[in-house]
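A short write-up of the structure that comes next.
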There are 2 protein chains.
Amino acid sequence: MKKLEEVILYQIDLTTKVAKHYSQSELTRLNLGITIEQWIVLKIISENENFTQKELAIKSYRDPAAITRTIVILEKKGFISRKKVANNARAHCVSLTSKGISFVAENMKIINKHRELSTKGISQTELETLSSVLSKIRKNMS
Amino acid sequence: MKKLEEVILYQIDLTTKVAKHYSQSELTRLNLGITIEQWIVLKIISENENFTQKELAIKSYRDPAAITRTIVILEKKGFISRKKVANNARAHCVSLTSKGISFVAENMKIINKHRELSTKGISQTELETLSSVLSKIRKNMS
DNA sequence: ATAAATTAGTTGATATGTCAATTAATAAAT
DNA sequence: ATTTATTAATTGACATATCAACTAATTTAT
């Protein structure tokens with residue numbers, strides 16, 4: 001029977017935790033007043049103007065219920081706004097306010113530094129293997 | 001500027017989410033009445049009889065506060081019990097009850113199936129690369 | 001020996017994850 | 001056309017993540 005440390009899924013989970021812990025503590029240290037999950041939502045919106053909440057949930061692989069709550073928070077912080085979709089009165093689409101646009105622009109560098117740091121000393125080949133193996137694992141568990 | 005999907009940390013996080021989603025839905029489907037996090041705590045205790053809560057927190061890379069709450073739940077479910085440590089009145093050590101021991105034994109097979117499924121079609125070499133790259137990433141972000 | 005610092009665990013507050021139930025709008029079926 | 005089913009979003013309930021504040025026990029520093 002394998003020890004927990006040898007289990008691949010455990011190692012992946014552990015890596016997520018370590019990375020999130022690091023990035024969150026940096027965001028806190030820099031007083032950005034935002035969580036990782038909130039950042040990811042802002043980033044997705046900046047790449048996909050006028051996504052609906054449903055599209056946001058799919059892209060971020062989060063529950064629509066969770067998205068609703070994060071969006072309420074980001075709206076209170078003044079980073080985003082919700083509008084009714086023209087041809088569908090059920091759906092809401094989300095877009096960055098000017099404050100949201102500058103926030104993403106100003107802090108992209110910090111996030112990019114974390115990303116660069118994460119792959120330091122890892123070869124391109126290794127990264128490609130990582131990417132492809134992770135993708136296989138996701139396919140196996142879908 | 002990289003799209004979110006190309007970011008390694010994002011891919012790792014996504015894989016964790018997909019895997020947990022799959023495993024949790026299986027545990028629910030089989031009516032085990034337990035969460036993944038609770039299972040991991042049980043598994044760690046079964047591998048390390050009489051761990052203190054602090055050791056549990058370190059091993060599972062979770063906050064001591066979170067461990068306290070999970071332990072209270074597992075105690076209510078009758079899977080574990082807490083005892084005072086002989087030479088340290090602050091520390092509590094945790095051990096499986098007989099119910100907990102049989103629960104882990106009975107369900108280990110199910111969990112092992114998930115683990116086998118997760119690495120289906122992935123070579124040993126790829127798995128070793130994955131393991132070593134994940135370890136490098138964790139080192140980079142510590 | 002006493003005061004100060006550290007340690008293990010708990011509790012509170014806020015954000016998130018997950019699932020079920022609900023509401024309102026839209027689409028499909030008959 | 002009216003009923004039925006589906007869809008997008010919200011809300012409630014409970015478990016978890018994180019951080020700060022707190023208690024009680026133990027060290028250490030003086």
Side-chain angles (χ1 to χ4, degrees), chain A residues 13-14 16-29 31-42 50-77 79 82-94, chain B residues 13-14 16-29 31-42 50-77 79 82-94:
Chain A
D13 188 30
L14 195 59
T16 295
K17 283 178 179 169
V18 171
K20 277 200 178 163
H21 190 267
Y22 176 85
S23 295
Q24 186 61 65
S25 71
E26 283 296 291
L27 296 191
T28 304
R29 191 177 62 79
N31 256 307
L32 295 201
I34 201 172
T35 69
I36 302 284
E37 304 302 334
Q38 288 166 20
W39 169 266
I40 291 174
V41 168
L42 289 181
N50 286 322
F51 250 26
T52 65
Q53 297 185 203
K54 194 204 164 173
E55 290 169 319
L56 249 175
I58 292 168
K59 184 71 115 184
S60 60
Y61 209 83
R62 287 176 68 195
D63 194 289
I67 292 293
T68 294
R69 281 154 184 149
T70 297
I71 277 177
V72 168
I73 292 170
L74 289 172
E75 213 172 16
K76 275 185 197 157
K77 288 181 180 169
F79 290 136
R82 263 185 295 190
K83 279 164 258 162
K84 289 272 177 197
V85 172
N87 56 338
N88 187 345
R90 275 174 306 193
H92 289 164
C93 71
V94 189
Chain B
D13 188 30
L14 195 59
T16 295
K17 283 177 179 172
V18 171
K20 276 200 179 164
H21 191 268
Y22 176 85
S23 295
Q24 184 64 62
S25 72
E26 283 295 290
L27 297 191
T28 304
R29 191 177 62 78
N31 257 307
L32 296 203
I34 202 172
T35 68
I36 301 286
E37 304 302 334
Q38 288 165 22
W39 169 266
I40 291 173
V41 167
L42 289 181
N50 287 321
F51 250 26
T52 64
Q53 296 187 202
K54 195 204 163 173
E55 291 169 320
L56 250 175
I58 291 168
K59 184 70 117 187
S60 60
Y61 209 80
R62 286 175 69 195
D63 195 288
I67 291 294
T68 294
R69 280 154 184 149
T70 297
I71 278 177
V72 168
I73 293 170
L74 288 173
E75 212 172 16
K76 275 184 197 160
K77 288 180 179 168
F79 290 135
R82 262 185 294 190
K83 280 163 256 161
K84 289 274 177 195
V85 172
N87 55 336
N88 186 345
R90 276 174 306 193
H92 290 161
C93 70
V94 189

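Sequence lines set the chain letters: A, B, ... in the order given, protein chains first and strands last, and positions in each chain run from 1. Because the structure is predicted, anything quoted here is derived from the model rather than measured.
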- [ ] Compare all side-chain heavy atoms of A/Leu42 with those of A/Ile34 and state whether any distance is below 4.5 angstrom.
- [x]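 A/Leu42 vs A/Ile34: side chains touch.
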
Task: Side-chain touch A/Lys20/A/Glu37, heavy atoms, less than 4.5 angstrom - done: yes

Show which side-chain atoms of residues 62-71 of chain B pair as donor or acceptor with protein atoms under 3.5 Å away, not counting sequence neighbours.
from	atom 1	to	atom 2	distance (Å)
B/Arg62	NH2	B/Thr70	OG1	2.7
B/Asp63	OD1	B/Ala65	N	2.8
B/Thr68	OG1	B/Pro64	O	3.2
B/Thr70	OG1	B/Ala66	O	3.3

Taking [atom1] from [X] and [atom2] from [N], how many angstroms apart are they, rounded to a whole number?
{"X": "A/Asn88", "N": "C/dA27", "atom1": "CG", "atom2": "C1'", "value": "11 Å"}
{"X": "B/His92", "N": "D/dT23", "atom1": "NE2", "atom2": "C1'", "value": "12 Å"}
{"X": "A/Ile58", "N": "D/dA9", "atom1": "CD1", "atom2": "C1'", "value": "13 Å"}
{"X": "A/Phe51", "N": "D/dA9", "atom1": "CZ", "atom2": "P", "value": "12 Å"}
{"X": "A/Lys83", "N": "D/dA8", "atom1": "NZ", "atom2": "C1'", "value": "18 Å"}
{"X": "B/Arg90", "N": "D/dT27", "atom1": "CZ", "atom2": "P", "value": "6 Å"}
{"X": "B/Leu74", "N": "D/dA15", "atom1": "CG", "atom2": "P", "value": "11 Å"}
{"X": "B/Ile34", "N": "D/dC14", "atom1": "CD1", "atom2": "P", "value": "18 Å"}

Task: Phosphate OP1/OP2 of C/dT10: any B/Thr68 side-chain N/O under 4.0 Å - done: yes

Open item on the list: Quick check for you: to the nearest 0.5 Å, what is the distance between A/Tyr22 atom OH and A/Ile36 atom CD1?
Closed with: 11.0 Å

- [ ] Check step by step if side-chain contact (heavy atoms from CB on, under 4.5 Å) holds for A/Val72 and A/Arg82.
- [x] CA-CA 9 Å; A/Val72 168; A/Arg82 263 185 295 190; 3.8 Å; yes

Open item on the list: If you compare all heavy atoms of B/Lys59 against all heavy atoms of B/Phe51, which two are closest, and at what distance to 0.1 Å?
Closed with: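 Closest approach of B/Lys59 to B/Phe51, heavy atoms only: CB-CE2, 4.1 Å.
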
Might you list the N or O atoms of the protein lying below 3.5 Å from N or O atoms in nucleotides 13-20 of chain C, with each pair's distance?
from	atom 1	to	atom 2	distance (Å)
C/dA13	N6	B/Arg69	NH1	3.4
C/dA15	O3'	A/Gln38	NE2	3.4
C/dT16	OP1	A/Thr35	OG1	3.0
C/dT16	OP1	A/Gln38	NE2	3.1
C/dT16	OP2	A/Thr70	OG1	3.3
C/dG17	OP2	A/Arg62	NE	2.6
C/dG17	OP2	A/Arg62	NH2	2.8
C/dT18	O4	A/Arg69	NH1	3.1

